[in-house]
Amino acid sequence: MSSLPLASAHPPRVAVVIPCYKVTRHILGVIEAIGPEVSAIYCVDDACPESSADLIERQNTDARVKVVRRAENGGVGAAVLSGYAQAVADGMDVMVKIDGDGQMDPLLLPHFVNPILRGEADYTKGNRFWDLTQIRQMPWIRRVGNLGLSFLAKASTGYWDTFDPTNGYTAIHARVAERLPVDAISKRYFFETDVLFRLNTMRAVVADVPMDARYGDEDSNLSVGKVLGEFAVKHLRNLLKRIAYNYYLRDLSIASFELIAAATLLFGGATYGGWHWWQAASQDVPSPVGTVVLPAIALVSGLQFLLAFIGYDIAAVPRRALHGSLVPLR
C-alpha cells in the first residue's frame with residue numbers, strides 16, 4: 001500500500017466517514033480493515049433501526065473511532081455531511097467516504113487521498129467501469145442504469161471526463177467540503193451526483209480513481225424504478241442551473257451567445273416549419289419550397305451552434321485544484 005505525501009508541514013490528517021444504516025453485519029470488519037494512515041474514523045449512525053452506534057461503542061476497539069449520532073434518518077447524504085462537519089471541526093485535511101457494507105476496499109484509500117494531497121484534485125471518486133474485465137461482477141441492471149445515469153450526470157454536472165457518478169467511494173479536501181451548500185444538497189440517493197454539480201459551480205477539480213466492482217451479501221436500498229423519474233427531473237434542474245450560473249451570472253463567453261443562437265434557431269425553425277407543415281397538411285396541398293428550406297437552414301444552423309456550445313462546455317472542465325487557495329472558514 002502506498003504512503004501518503006505531506007500536504008504541509010504537519011503529516012496529513014485523513015479522516016474516514018462511514019454512514020451507518022443497516023450495516024451491523026459488516027461495519028466492524030470495515031473499521032478493522034482501515035489502515036494506520038487514517039487519523040480518525042467517523043461512524044455516523046443515521047437513526048439506524050439496528051442501533052449501529054450502540055454496536056460500535058460496545059464492540060469496537062479502535063481508538064480512532066468516533067460515533068456521531070443523528071436523531072432522525074436523513075439519508076446517506078445527511079449522514080456524510082454530518083461526518084464532514086465533525087471532521088472539519090476536528091481539523092482534518094481530507095475526508096474519505098466509504099460505505100459500511102463492505103463493498104469498498106479500504107486498502108484503496110491512499111489512491112483517493114494522494115491526488116488531493118498532491119494538489120492535483122479537490123475531490124476524487126471511484127470508477128468501477130475502468131477495467132472492463134471486472135464489470136461482469138456488477139449486476140446487469142446496475143450496469144445499464146449506471147451507463148444511462150453517467151451520461152445524464154456528465155451534462156448536468158459539467159464533468160464530462162468522469163464516469164460512474166453514483167459511486168459512493170469518494171474523498172474531498174476539507175477546505176472544499178466546508179463550502180458545500182449543506183442545506184441545498186440532495187440528501188438521499190442523488191447525493192453523490194448533486195455534490196458533483198455543486199463542485200462544478202465552485203470550479204473544483206474532480207478526478208476518477210479506477211476501482212473494481214465488489215459485491216457480496218449486502219442489500220441495496222436503491223430501487224431503479226422508484227428513482228428514475230426523480231433523477232431525470234433533478235438532472236434537468238441542475239443542468240439549467242449550471243448553465244445559468246457558469247455562462248450568464250458568473251461569466252459571459254462566446255459559448256453564452258452560441259447557446260442563445262442555438263435555442264433561437266432551433267425553436268424558431270421548428271415552430272415556423274411545423275406551423276406551415278400543419279397548414280399544408282390540413283389543406284392537403286404541398287408545402288411551399290420556402291417554408292421547407294428556411295426551417296431546414298435554421299435547424300441545421302441551430303444544431304451547429306449547439307454542438308459548438310457543447311464542445312466549449314467539454315473543454316471548460318476545471319483543471320486547476322481549488323483548495324490550495326482557500327482559507328479555513330473556522
Side-chain angles (χ1 to χ4, degrees), residues 15-19 21 42 44 46-47 68 70-98 112 116 121-125 149 152-160 162 165-207 227 230-251 313 316-330:
V16 169
V17 175
I18 308 176
Y21 189 80
Y42 298 90
V44 185
D46 191 24
V68 178
R70 288 183 49 82
E72 297 181 358
N73 177 262
V76 61
V80 172
L81 292 172
S82 295
Y84 284 175
Q86 188 61 56
V88 170
D90 291 346
M92 298 294 121
D93 295 309
V94 179
M95 290 86 75
V96 183
K97 179 263 180 182
I98 62 176
F112 287 80
I116 297 176
D122 299 300
Y123 183 87
T124 56
K125 52 174 288 297
L149 289 174
L152 292 176
K154 287 174 181 286
S156 68
T157 68
Y159 290 109
W160 293 93
T162 64
T166 60
N167 194 311
Y169 204 152
T170 64
I172 188 170
H173 196 280
R175 301 291 77 77
V176 176
E178 64 183 347
R179 286 169 170 80
L180 290 173
V182 174
D183 295 334
I185 296 176
S186 294
K187 302 300 191 298
R188 297 195 180 272
Y189 298 117
F190 197 66
F191 171 69
E192 288 86 2
T193 307
D194 207 21
V195 166
L196 288 173
F197 159 69
R198 307 292 172 177
L199 291 171
N200 186 275
T201 62
M202 297 165 59
R203 306 303 295 162
V205 174
V206 173
V227 302
E230 176 190 351
F231 275 29
V233 171
K234 289 183 176 181
H235 275 301
L236 178 60
R237 177 201 66 189
N238 285 357
L239 171 63
L240 297 177
K241 282 185 176 182
R242 183 175 68 82
I243 291 174
Y245 293 163
N246 291 352
Y247 291 98
Y248 298 102
L249 295 179
R250 293 180 175 175
D251 193 13
D313 193 49
V317 172
R319 303 294 181 189
R320 182 179 178 182
L322 177 70
H323 66 261
S325 60
L326 300 176
V327 297
L329 295 179
R330 306 183 185 188

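The residues of the chain are indexed from 1 along the displayed sequence.
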Without swapping roles, check the side chain of [X] against the backbone of [Y] for a donor-acceptor pair under 3.5 Å.
| X | Y | value |
| --- | --- | --- |
| Asn167 | Tyr169 | yes |
| Arg242 | Ala155 | yes |
| Lys187 | Val182 | yes |
| Tyr159 | Asn200 | yes |
| Arg198 | Ala184 | yes |
| Asp251 | Asn246 | no |

Closest non-hydrogen atom pair between [X] and [Y], with its separation:
| X | Y | result |
| --- | --- | --- |
| Tyr84 | Lys97 | OH-CB, 4.3 Å |
| Val44 | Ser82 | CG1-CB, 4.3 Å |
| Arg203 | Ala316 | NH2-O, 2.6 Å |
| Tyr189 | Phe231 | O-CZ, 3.5 Å |
| Arg319 | Val205 | C-CG2, 3.5 Å |
| Pro19 | Val80 | CG-CG2, 4.1 Å |

If you round to the nearest 0.5 Å, how far is [atom2] of [Y] from [atom1] of [X]?
| X | Y | atom1 | atom2 | answer |
| --- | --- | --- | --- | --- |
| Leu196 | Lys154 | CG | NZ | 11.0 Å |
| Ile116 | Ile172 | CD1 | CD1 | 7.5 Å |
| Lys125 | Thr166 | NZ | OG1 | 8.0 Å |
| Asp93 | His323 | CG | NE2 | 9.0 Å |

With side chains defined as the heavy atoms from C-beta onward, is the minimum distance between [X] and [Y] less than 4.5 Å?
| X | Y | answer |
| --- | --- | --- |
| Tyr21 | Asn73 | yes |
| Asp313 | Tyr247 | yes |
| Met202 | Leu180 | yes |
| Gln86 | Val17 | no |
| Met95 | Tyr42 | no |
| His235 | Phe190 | yes |

Quiz prompt | Exceeds 12 heavy-atom contacts within 6.0 angstrom, atom CZ of Arg237 | solution = yes

Exercise. Could you tell me which residues satisfy salt bridge (charged side-chain N to carboxylate O under 4.0 Å, His left out) with Lys234, sequence neighbours excluded, listed by chain and number?
Key: Glu230

Quiz item: What residues, two or more places apart in sequence or in another chain, satisfy side-chain hydrogen bond (donor to acceptor under 3.5 Å, both in side chains) together with Asp194?
Solution: Ser186, Asn238

Quiz item: Please walk me through it: do Leu199 and Asp122 pass side chain to side chain contact (heavy atoms under 4.5 Å, CB included)?
Solution: CA-CA 9 Å; Leu199 291 171; Asp122 299 300; 5.9 Å; no

Quiz item: Name the one of Leu81, Val206, Thr170, Ile185 that satisfies side-chain contact (heavy atoms from CB on, under 4.5 Å) with Val195?
Solution: Ile185

